[in-house]
Structures are given as C-alpha cells and as structure tokens.
Amino acid sequence: QVQLVESGGGLVQPGGSLRLSCAASGFTFSDHYMRWYRQAPGKERILVALIAPTGDITKYLDSVKGRFTISRDNAKNMVYLQMNSLKPEDTAVYYCSAWPFTSWGQGTQVTVSA
C-alpha cells in the first residue's frame, strides 16, 4: 500500500530555512505527480506545491512563490520542499501526497517563531 513518511520539520526563526523530505513507497513513484500540502491550526489543508513525474512542471501556492522549491529524486523515491525566507504564517503541519492516491503520512510540524 501507499506509504508516505515526512521529515525535516522543526522550529525556525522568521527568515530562516528548512528542507522537508518525503519518503514514498508502495507505488511506482516515477509515474506520479507529487504534492506538498499544509494545514495550519484551525484551518483546512491546502496545496502548497506540486511536481510532475519528470520534474519538468512545478506549481506553487501564490504566497510561497519565490521562497519554496519542490524537487524530487525518482531514483530514491523522495520528494523535497526547500523552504526559504520563512514567515510565521508558514507555520503548519506539512504533508506530502501522491496523486491520485488518498493516503497521507503523519506530517511534519513546521513552526516559524522568534
């Protein structure tokens, strides 16, 4: 079955950086779009970024454009989210997802605070 394990979150000061990782298994990774979502306290889960199977297409939430970069390594079944210039409003639990599967991992907490 589809398994997704996120890691790399933590507490960071505004303006700092974090790199999230997602290890995927249970499906043919290189055939699928991968996505990063986030869910802030009391809010709905929203799409932050997506990447095509070959990595040639990426899309971002407007509020993270120019600060976040999604990438993937098909040889390792990994997807990454490099987050720079972090802001307090980026605080959330971050999840990766494989389209069109409905499985979710446990997520990784990102807290941006002074």
Side-chain angles (χ1 to χ4, degrees):
Q1 69 276 22
V2 173
Q3 289 193 325
L4 301 162
V5 180
E6 302 92 342
S7 62
L11 173 63
V12 63
Q13 293 186 343
S17 297
L18 284 173
R19 187 193 193 209
L20 306 185
S21 299
C22 172
S25 61
F27 62 103
T28 306
F29 181 80
S30 58
D31 285 349
H32 293 273
Y33 274 77
M34 296 297 296
R35 302 177 178 188
W36 282 100
Y37 287 78
R38 69 186 183 191
Q39 186 167 20
K43 296 189 177 181
E44 293 187 352
R45 194 171 299 186
I46 61 172
L47 179 63
V48 175
L50 63 83
I51 186 167
T54 56
D56 58 332
I57 298 172
T58 57
K59 301 288 186 185
Y60 297 93
L61 180 69
D62 282 348
S63 61
V64 308
K65 283 180 181 177
R67 299 189 297 122
F68 290 12
T69 303
I70 188 171
S71 61
R72 65 191 295 159
D73 185 338
N74 287 345
K76 296 182 178 179
N77 287 7
M78 297 288 293
V79 61
Y80 306 99
L81 187 67
Q82 178 66 43
M83 306 187 297
N84 299 328
S85 302
L86 282 161
K87 304 177 180 180
E89 50 264 43
D90 295 319
T91 295
V93 179
Y94 284 72
Y95 302 88
C96 68
S97 170
W99 190 88
F101 305 111
T102 57
S103 298
W104 296 98
Q106 82 290 348
T108 187
Q109 175 71 49
V110 171
T111 303
V112 185
S113 175

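Bear in mind the structure is a predicted one, so any value in this text is a computation, not a measurement.
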Item to check | Side chains of Ser63 and Lys87 in contact at under 4.5 Å (non-hydrogen atoms) | outcome: no
Checklist entry - Looking at CG of Leu50 and CH2 of Trp99, how far apart are the two atoms once the value is rounded to the nearest 0.5 Å? => result 11.0 Å
Item to check | In one Ile/Leu/Val/Met/Phe/Trp/Tyr side-chain cluster, 4.5 Å: Val112, Val48 | outcome: yes
Next on the checklist: Tell me the closest heavy-atom pair linking Gln39 and Glu44, and the distance in Å.
Outcome noted: CG-C, 4.1 Å
Checklist entry - Hey, what's the ring geometry for Trp104 with Tyr37, parallel, tilted or perpendicular (30° and 60° as the breaks)? => result perpendicular
Checklist entry - Got a donor-acceptor contact below 3.5 angstrom from the Glu6 side chain to the Gln106 backbone? => result yes
Item to check | Hydrophobic cluster membership, Tyr80 vs Met83, 4.5 Å side-chain cutoff | outcome: no
Checklist entry - Taking all non-hydrogen atoms of both residues, which atom of Val110 and which atom of Gly9 are closest, and how far apart? => result CG2-CA, 4.1 Å
Item to check | Distance in Å, Ile57 CD1 paired with Tyr33 OH, rounded so as to fall on 0.5 Å steps | outcome: 4.0 Å
Checklist outcome for this item: Sorted by chain and residue number, the side chain to side chain contact (heavy atoms under 4.5 Å, CB included) partners of Val93 (sequence neighbours excluded) come out as Tyr95, Gln109
Item to check | Closest non-hydrogen atom pair between Ser17 and Ser85, with its separation | outcome: OG-N, 4.3 Å
Checklist entry - Which heavy atom in Cys22 sits nearest to a heavy atom in Leu4, and how many Å separate them? => result SG-CD2, 4.0 Å
Checklist entry - Do Pro88 and Pro14 touch side chain to side chain, with heavy atoms closer than 4.5 Å? => result yes
Checklist entry - Taking the six-membered ring of Phe29, is NZ or CZ of Arg72 closer than 6.0 Å to its centre and within 45° of its axis? => result yes
Checklist entry - If you take all heavy atoms of Ala52 and Asp56, which pair is closest and at what distance? => result CB-OD1, 3.6 Å
Item to check | Residue of the set Thr108, Asp90, Thr91 for which side chain to side chain contact (heavy atoms under 4.5 Å, CB included) holds with Arg38 | outcome: Asp90
Checklist entry - Where the side chain of Trp36 meets the backbone of Ser97, is there a donor-acceptor pair that is under 3.5 Å apart? => result no
Item to check | Phe27 and Phe101: CA distance, side-chain angles, deciding distance, ring-ring contact (aromatic ring centres under 6.0 Å, His included) verdict | outcome: CA-CA 10 Å; Phe27 62 103; Phe101 305 111; 5.2 Å; yes
Item to check | Residues, nucleotides or ligands: over 12 heavy atoms within 6.0 Å of Glu89 CD | outcome: yes
Checklist entry - If every non-hydrogen atom of Ile70 is compared with every non-hydrogen atom of Tyr60, which pair is closest and at what distance? => result N-OH, 2.9 Å
Checklist outcome for this item: d(Leu18 CG, Leu11 CG) to nearest 0.5 Å is 9.0 Å
Checklist entry - Between atom OG1 of Thr58 and atom NZ of Lys65, what is the distance when rounded to the nearest 0.5 Å? => result 10.0 Å
Checklist entry - Roughly how far, to the nearest 0.5 Å, is the CD1 atom of Ile51 from the NZ atom of Lys59? => result 12.5 Å
Next on the checklist: Count I, L, V, M, F, W, Y as connected when their side-chain heavy atoms are under 4.5 Å apart, and connections chain through other members. Are Phe68 and Ile46 then in the same cluster?
Outcome noted: yes
Checklist outcome for this item: Output for pair (Met78 CE, Ser21 OG), nearest 0.5 Å, gives 4.5 Å
